[in-house]
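Order of listing sets the numbers, starting from 1, for every ligand and every atom in it.
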Amino acid sequence: MSNTVTLDENIDVLRPLREVFAYVSEFSRIEEWDPAVSTARKLTDGQPGVGSEYRIDMKAGFSLHYEVVEFEPDSRMLMTVTSKLFSAREEIFFTESDLGTNVRYVAKFRFRTPLAAFNKLFPGAMDRVGKSAMAGLKEALEDDFEAPKASNLLSLADRLVLPGIWRFTKLGYRNSRKRWKAVSAYQGDRHALITGATSGIGKAAARQLADLGAKITVVARNEAKVRQLVAELSEQSGNDAIGYEIADLSVMADVNALCDRLLEAGNPIDMLINNAGALFNPRQQTAEGFEKSFALLLLSPYILTERLYPLLKAGDSPRVVNVLSGGMYTQKIQADDLQSQRGEFSGSVAYARAKRGLMILTEEWAERWRDEGIVVNAMHPGWVDTPGVETALPEFYRMTRRFLRTPAEGADTAVWLACSSQAAQVTGEFWLDREIHPSHLSDRTRETPEERQQLLETLAELDETLRSSKCTKELGHS
Ligand code: NAD
C-alpha cells in the first residue's frame with residue numbers, strides 16, 4: 001500500500017481576496033482555525049513570504065515544521081512540512097469568485113513508517129482532518145461570531161476574590177484562550193495610536209498590531225528610545241507604516257501640543273490605546289502642579305480622548321481601549337480629592353483611584369458616543385512581567401514572578417478590543433482575557449451620581465483652563 005495521502009479541499013467565502021490572503025498567508029493564524037492545532041509560532045521575522053518558517057504544535061502531541069518555499073501575493077503559496085510522522089507539501093490557491101474568494105488547499109502527505117499502518121487502520125482519517133480544518137477556516141473568515149456576554153459565573157468567581165485572583169496570572173490567560181474565536185478582521189487600512197509603547201504591554205501591543213499590518217503611531221517621551229523601537233518593530237514585522245510622536249503624558253502642555261499636531265495632520269484614528277502608566281511613590285508633583293498619578297493616568301487620557309474625538313469619529317470602526325488594572329477594584333473615586341491631598345499618601349491608592357476614574361470615563365464615553373459608532377472599552381491586562389511592575393512593585397514581582405504573564409499575553413485583550421469584529425459589538429465594559437468582568441466587586445467602590453458629575457466637571461474645567469491659558473504653571477488645585 002502507498003505511503004502517500006493527497007487532500008484537495010476548497011471553500012468559498014464572502015470576503016475580498018486581499019483580506020483572505022492576508023489572513024491565511026500569515027500561517028501562524030492556523031491556531032485560530034484548525035481544530036487539530038494547539039499552538040502555532042512564527043520562527044522568522046518579517047511579513048510572510050519565501051523563507052518564512054513556523055512551528056505548529058498539534059493537539060495530538062507532535063509538532064510540524066513549515067517552510068514557505070513559493071509565495072505569489074494574492075494568488076498562491078507552497079509550503080513544505082516536516083515532522084517525525086510525515087513530510088508533506090501543502091499548496092494553497094486563492095482566486096476571486098462570484099461569492100468573494102475561493103481558497104483551495106492541496107496537500108500531499110508522505111508517511112514515514114510505521115505510520116503507513118495508520119492509513120490502513122483508519123482509512124479516511126486524513127480526509128476528515130482536512131475537511132474540519134477547511135470548515136474552521138471558513139468560519140474564521142466569515143467572522144460572524146456573536147457578541148460576548150457577561151457571565152454570571154465569572155462575576156461570582158471575581159467576587160469570591162481568591163477564585164478570581166488566579167485569573168490575573170498566566171494560568172488565567174491560558175485557561176481563557178481555549179474559548180476564543182478567530183480574529184480575521186482586516187487591519188491593513190486601520191490606524192492605531194498607542195501610548196506607552198516603548199516598554200512592557202504597550203510595546204507588545206504595538207508588535208501585535210504591526211504584525212497585523214496596521215498603521216501605527218506610538219507616543220513616547222524619549223526620541224532615541226522610540227526611534228530604536230520603530231526600527232525594531234519594522235524589522236520584526238516587515239511593517240513600514242510605523243511612526244511616532246514625542247510627548248511626556250504627565251505634562252498637559254505636551255498632551256495638548258500632541259493633540260494639536262495630530263488634529264492638524266488630520267489622519268483618522270481607528271484605534272486609540274490609552275496604555276501609558278506608572279505608579280508613583282512617594283507623592284510627586286508635576287511642573288504644572290498636578291499630582292503625577294492623577295496627571296498621567298486620568299487627566300492625560302481624558303484630554304487625549306476628548307480632543308481626538310474628531311479623528312476617532314472619522315475612523316473606521318473606531319475603538320478606544322483604556323488599559324486599567326484590577327487595583328481599581330479596591331478603590332472608589334474621591335471626586336473632591338482627585339490629587340490625593342488629604343491624609344497619608346499611598347502611591348498604590350492614588351494609582352487605583354485614577355484607574356477607577358478612567359473606568360468611569362470609559363462608561364461615560366461609551367454612552368455619549370454609542371450612536372456614533374465609537375466603541376469604548378477598558379481592560380485589565382492581568383499580572384504581567386514588565387519593567388513597570390519590576391520597578392514599582394519589587395516585592396510583589398519577586399513573589400509572583402513565576403506566575404506572571406508575558407507582555408504579549410497581557411496585551412492580547414487590548415489588541416483584541418481594538419481589532420476584532422466581536423469586540424466592536426460591545427461598548428462601555430471592563431474586560432480581562434476577552435471576557436466581560438464586573439467593574440465593581442463591592443458597592444463600597446461605587447460612586448454616587450453626584451460624585452460622578454463632580455469628577456466630570458472637574459476634568460472638563462481643568463481641560464478648559466489648560467486649553468485657554470496654554471498654561472504651564474500651578475494649575476493643580478482640584
Ligand atoms: P511599563 O513601565 O513596562 O510600560 C509603561 C509605558 O508607559 C512605558 O512605555 C513608559 O515609557 C510609558 N510612560 C510612563 N510614563 C509616561 C509619561 N509620563 N509619558 C509618556 N509615556 C509614559 O509598564 P506596563 O506594566 O507595561 O504598564 C502598561 C499599562 O498597564 C499601565 O497603564 C499599567 O498601569 C497597566 N497595568 C499593568 C499591569 C502589569 O501587571 N504589568 C497590571 C495592571 C495594569
Side-chain angles (χ1 to χ4, degrees), residues 165 167-170 172-173 193-207 217-226 228-230 233 244-255 257-258 273-280 284-288 290-301 303-304 321-330 347-348 350-359 362 378-394 396-397 399-401 403-415 430-433 437:
I165 245 171
R167 289 184 182 280
F168 299 169
T169 69
K170 66 183 177 192
Y173 170 88
L193 184 80
I194 313 176
T195 67
T198 53
S199 163
I201 294 161
K203 184 174 177 180
R207 171 70 203 273
T217 306
V218 294
V219 181
R221 283 168 293 181
N222 181 312
E223 176 127 23
K225 215 166 165 181
V226 77
Q228 196 186 333
L229 170 79
V230 169
L233 286 176
Y244 67 86
E245 288 287 343
I246 300 294
D248 181 336
L249 297 172
S250 66
V251 178
M252 297 315 119
D254 268 27
V255 177
L258 167 69
I273 304 185
N274 286 315
N275 163 76
L279 193 152
F280 303 101
Q284 288 182 41
Q285 188 135 318
T286 67
E288 293 170 332
F290 296 113
E291 188 279 315
K292 206 165 178 182
S293 353
F294 165 75
L296 177 64
L297 302 172
L298 187 53
L299 187 56
S300 155
I303 294 179
L304 201 60
V321 181
N322 294 321
V323 178
L324 303 188
S325 160
M328 82 164 181
Y329 279 139
T330 63
S348 307
Y351 170 92
R353 285 182 184 164
K355 296 287 190 187
R356 166 63 66 203
L358 194 51
M359 183 68 229
T362 302
M379 55 81 69
H380 176 28
W383 290 338
V384 190
D385 189 343
T386 64
V389 168
E390 191 177 1
T391 318
L393 303 167
F396 171 82
Y397 182 76
M399 281 165 50
T400 57
R401 189 173 181 185
F403 299 101
L404 297 181
R405 297 158 177 231
T406 64
E409 291 171 344
D412 173 83
T413 296
V415 173
F430 182 57
W431 301 77
L432 169 70
D433 293 333
H437 285 253

Please list, one pair per line, the donor and acceptor atoms closer than 3.5 Å that link side chains of residues 386-393 to other protein atoms, with sequence neighbours excluded.
from, atom 1, to, atom 2, distance (Å)
Thr386, OG1, Gly388, N, 3.4
Thr386, OG1, Val389, N, 3.3
Thr391, OG1, Pro387, O, 2.6

Below the 3.5 angstrom mark, is there an N/O of Gly196, backbone or side chain, next to an N/O of ligand 1? yes
Exam field: side chain [X] to backbone [Y], donor-acceptor pair closer than 3.5 Å:
| X | Y | value |
| --- | --- | --- |
| Thr400 | Phe403 | no |
| Thr198 | Ala220 | no |
| Glu409 | Tyr173 | no |
| Arg405 | Gly172 | no |
| Lys292 | Leu297 | no |
| Arg207 | Leu233 | no |
| Arg221 | Ala247 | no |
| Thr195 | Asn275 | yes |

[atom]: which protein heavy atom is closest, and how many Å away?
| atom | result |
| --- | --- |
| atom 35 (C) of ligand 1 | Val323 CG1, 3.7 Å |
| atom 27 (O) of ligand 1 | Ile201 CD1, 4.2 Å |
| atom 34 (O) of ligand 1 | Tyr351 OH, 2.5 Å |
| atom 4 (O) of ligand 1 | Ser199 OG, 3.6 Å |
| atom 5 (C) of ligand 1 | Gly277 O, 3.5 Å |
| atom 32 (O) of ligand 1 | Asn275 O, 2.7 Å |
| atom 19 (N) of ligand 1 | Leu249 N, 2.8 Å |
| atom 10 (C) of ligand 1 | Arg221 NH2, 3.5 Å |

Closest by any non-hydrogen atom to atom 25 (O) of ligand 1: pick that one out of Thr386, Val255, Asp248.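 Closest candidate by heavy-atom distance is Thr386.
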Measure from atom 38 (C) of ligand 1 to every heavy atom in Ser325, Gly410, Gly382, Gly388 and give the option owning the shortest one.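 Selected option, by shortest heavy-atom distance: Gly382.
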For ligand 1, which part of [X] has a heavy atom less than 4.0 Å away: the side chain, the backbone, both, or neither?
| X | result |
| --- | --- |
| Pro381 | side chain |
| Lys355 | side chain |
| Leu324 | backbone |

Can you sort out which atoms of ligand 1 are near [X], meaning under 4.0 Å from one of its heavy atoms?
| X | answer |
| --- | --- |
| Ala247 | 19 (N), 20 (C) |
| Ser250 | 18 (N) |
| Leu296 | 15 (N), 16 (C), 17 (C), 18 (N) |
| Gly200 | 3 (O), 26 (O) |
| Val389 | 39 (C), 40 (O), 41 (N) |
| Trp383 | 40 (O) |

Might you point out which heavy atoms bring Asn274 and Pro301 nearest each other, and give the distance in Å?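 Closest approach of Asn274 to Pro301, heavy atoms only: CG-CB, 3.9 Å.
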Quick one: do Val251 and Glu288 satisfy side chain to side chain contact (heavy atoms under 4.5 Å, CB included)? Show the steps, please. CA-CA 7 Å; Val251 178; Glu288 293 170 332; 3.7 Å; yes
Could you please spell out the steps behind the side chain to side chain donor-acceptor pair (under 3.5 Å) verdict for Thr286 and Gln284? CA-CA 7 Å; Thr286 67; Gln284 288 182 41; over 6 Å; no
